[in-house]
Amino acid sequence: MTIKKMRDIEGTTFFDGPMSTKGYPVNKMFHSFNSKDGRDAFVADEEAYMEKFKLNEAQKQCVRDRDVLGLIREGGSIYYLAKIGPILGLNVQDFGGLQTGKTTEEFQAYLDSQGIGKNNG
Amino acid sequence: MTIKKMRDIEGTTFFDGPMSTKGYPVNKMFHSFNSKDGRDAFVADEEAYMEKFKLNEAQKQCVRDRDVLGLIREGGSIYYLAKIGPILGLNVQDFGGLQTGKTTEEFQAYLDSQGIGKNNG
Amino acid sequence: MAKIVGGIGSSHIPAIGVAMDKGLEDTPYWRDFFQSYVPLRKWFNEVDPDILVIFYNDHGLEMFLDKKPTFAVGTAAEYENADEGWGINPIPPVRGETELSWHIVNELVENDFDPTVCQEIKVDHGLTVPLTLMYPAKDYSKVKVIPICINCERHPMPKLSRSYAFGQQIGRAIESFGGDQKVVVMGTGGLSHQLDGERAGIINTEFDLLCMEKIVSDPEYLTKYSLEDIVELAGGQGVELNMWMAMRGCLTGKVTEGYSNLVAPISNTAAGIQLLINE
Amino acid sequence: MAKIVGGIGSSHIPAIGVAMDKGLEDTPYWRDFFQSYVPLRKWFNEVDPDILVIFYNDHGLEMFLDKKPTFAVGTAAEYENADEGWGINPIPPVRGETELSWHIVNELVENDFDPTVCQEIKVDHGLTVPLTLMYPAKDYSKVKVIPICINCERHPMPKLSRSYAFGQQIGRAIESFGGDQKVVVMGTGGLSHQLDGERAGIINTEFDLLCMEKIVSDPEYLTKYSLEDIVELAGGQGVELNMWMAMRGCLTGKVTEGYSNLVAPISNTAAGIQLLINE
Ligand SMILES: [Fe+3]
Ligand SMILES: [Fe+3]
């Protein structure tokens, strides 16, 4: 098989075709969080909801563990999986911290260290 | 406005962008006939079903009159509107007759007159 | 490397599915049509392809006007068929081939095609009828199918030259895919017919025969026709020739004709049946 | 003929929508960002465009992986926004412009682009946030919006050169459209950021400033970067630069910079704000 392998960039997973095949069920579940019904159903019974979308066991365990890096490894796309954030009360800085082994404050400080253009702030 | 006008071919309506804009509600209704629920709901109450899909009055009248040419003029695409055929017990030869002012038998004879390759028949 | 052993041109009209469901293959109306598939299937069964790429158009099952792709490529592991309202029995799910599908998509996008990529779609009779013609016992569970859908319902549609180039790119992608899979490509639909308007019922077998001749020896010749020319010559739905052009584009080797027939009228159409060998 | 008077580059992150909903524009975190829109809006209000073409990407509201277009063009008379799960209040429906949309689609297909054409789609924050930045009082009922969506979520994605060519073709289509409409095009998203992985949080303002310089004077320069280069340099979601390239492609006249600023961090991104005048 000769599917193009994307460049190796440390700490970066290209969400490409094979990853999208692998992650389809989990991304479809996250996508369903667009609707309040979907979010409520997940909160009411996470296991049943994961089963409905046919997540595999590894994906289920990552959801149970709130393991963001694990979810990405299992084919989750950040665009869809971030939709679990508001349900869990996590914003993208919290997500950043979770993935980089930092507290949210440390992650924010890392962002700030790369800052520009906030002269009037 | 300068949307490309398609070539004038007698007896032929190009289903192009402006026609597709005009016909969107009626085509969406016909498209819903993919499902038995949609077909049954139409049969149960045609007027309510047309209202649900927001057909304009001209489109509704064409549906009431089973006016195929009228429906095409009002933006219907043959691909979608043909889905009303099985509901009304009409096949594509019946449709052909209705549009060309022929009986179904006459339309079939017209098709046969252009025949080829039926040597073993 | 994967090898495209041949291409098949075939009709895909719902009436064929209904005739097969009802066992009408040997009636006077249908006999010559179904007889044409005997030599095709003989070749097909001998080849016993691993992968079948089917160019089809969606007549209003999945690709509705709300979000209508010019070109769509399936990358799913399985495709379902469904009720389309025509009274054909839906066929059991079709197996997909994710790896080659993604390779095709990668190569298309790399080379400036803009496909819509489908990980979950229902396939309509445009695909299931030709598939069933190849596997009348519906024993297609072994073959992997890649559905490739071309807009033939709403203008603007891809030009014949674009569909041909699209096929050429897909052919190159397949032939560059590692492995020893045998691949057959199918172009479905057509040939001349018009379902709508006061001109409904026109058939132009002379033009169809020209298309079937040129598609073997000189497909570029056909790219001289605009889609308006095609509508004028071959009827409103004659534009389904686009799928035959894409199929032919895939055949990058030396192409010879293995079989050819044209039967009309089949429903409102002239049904082209053609086998192209690719060496 | 319709006239493209200028292009705007703008961020489109949900946090901006939330900040506007909550009235946080003048807080220390947001002040510099929102101040940058004062000169943009001054120009924009003076122009008072009839039509706004917005290049955006859909982050999972409408264009899911089941059927994901590389390029999608809206041709509807109206577009709705909806709950995306981010907690932004959906905005009232946005007016479409069917005639110019179809003209653009015709010209794209005629020139070998393969768009998915959308007569009924919901638009996400990628479009609504930039629109609301131009109309903070949400008084956008007069302007007609053409949404043009580019896949930035799943590889393969269009190359920068393809998005630029796509924009060029759209620019030519608009400028060939009869009438005296004033058109503004927006490229949204970016600039450098990465949301996922152990590398989350990288920002590269040096590269962003280079992009903003080249996009004025030498957009072709940027087409030398592959998307893998962009991911390496500007982070995983830095690929949203594609929308800026398409916007720039539309500007076929003499292009000068009317305003430019880069503010970071805004959420996890470097937010580019840029006005390009097209003469
Ligand atoms: Fe067809
Ligand atoms: Fe974005």
Side-chain angles (χ1 to χ4, degrees), chain A residues 4 6-7 9-17 19-21 23-24 27-28 30-36 38-39 68-69 71-73 76-87 91-93 95-102 107-108 110-121, chain D residues 13-15 27-33 35-36 57-61 64-66 68 82-87 122 124 152-156 192 194-205 208-209 226-229 231-232 235-237 261-271 273:
Chain A
K4 183 191 175 198
M6 308 290 295
R7 188 179 300 172
I9 300 174
E10 214 187 314
T12 304
T13 301
F14 280 91
F15 185 67
D16 63 3
M19 289 305 283
S20 194
T21 293
Y24 192 75
N27 289 316
K28 190 173 173 180
F30 292 132
H31 182 247
S32 79
F33 294 163
N34 278 332
S35 83
K36 190 168 181 314
R39 300 191 290 269
V68 181
L69 290 176
L71 280 166
I72 288 167
R73 203 174 49 236
S77 154
I78 191 69
Y79 282 107
Y80 310 115
L81 80 84
K83 289 182 192 280
I84 204 176
I87 296 176
N91 65 26
V92 284
Q93 286 77 48
F95 268 96
L98 287 172
Q99 296 176 93
T100 55
K102 296 184 169 77
F107 185 78
Q108 184 63 51
Y110 172 55
L111 291 172
D112 291 340
S113 76
Q114 305 171 95
I116 195 172
K118 291 206 174 179
N119 308 309
N120 312 313
Chain D
I13 53 170
T27 57
Y29 185 92
W30 288 106
R31 190 174 300 138
D32 295 283
F33 174 79
Q35 279 295 322
S36 301
N57 64 308
D58 178 287
H59 306 71
L61 176 63
F64 185 59
L65 300 167
D66 59 337
K68 190 154 192 50
D83 186 1
E84 300 172 48
W86 307 121
K122 292 184 291 261
D124 90 340
C152 297
E153 297 81 53
R154 192 222 60 241
H155 296 274
S192 62
Q194 177 157 335
L195 299 173
D196 53 330
E198 296 87 344
R199 193 167 168 260
I202 83 132
I203 287 175
N204 184 346
T205 54
D208 293 334
L209 290 170
S226 72
L227 291 184
E228 288 172 308
D229 294 335
V231 170
E232 187 150 11
Q237 283 69 47
N261 200 10
L262 183 68
V263 183
I266 290 296
S267 188
N268 293 13
T269 77
I273 302 110

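Residue numbering restarts at 1 for every chain, and letters A, B, ... go by the order of the sequence lines.
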Chain D heavy atoms under 4.5 Å from [X]: which part of the residue, side chain, backbone, both or neither?
X: R39(A); result: side chain
X: T13(A); result: backbone
X: L111(A); result: both
X: F15(A); result: both
X: I116(A); result: both

### Task
Calculate, to the nearest 0.5 Å, the distance between atoms CZ and CZ belonging to R7(A) and F14(A) respectively.
7.0 Å
### Choice from R73(A), E10(A), Q93(A), K4(A) maximising heavy atom contacts with chain D below 4.5 Å
Q93(A)
### Query
Do K28(A) and F64(D) meet the cation-pi criteria used here (NZ or CZ under 6.0 Å from the six-membered ring centre, within 45° of the axis)?
no
Contact origin within [X] toward chain A - heavy atom pairs under 4.5 Å:
X: T205(D); value: side chain
X: K68(D); value: side chain
X: T269(D); value: neither
X: L209(D); value: side chain
X: D58(D); value: neither

### Query
Does the side chain of D208(D) come under 3.5 Å of the side chain of S192(D) through a donor N or O and an acceptor N or O?
yes
### Message
Quick one, T12(A) with Q194(D), criterion side chain to side chain donor-acceptor pair (under 3.5 Å). Give me CA distance, side-chain angles, the key distance, then yes/no.
### Response
CA-CA 9 Å; T12(A) 304; Q194(D) 177 157 335; 3.1 Å; yes
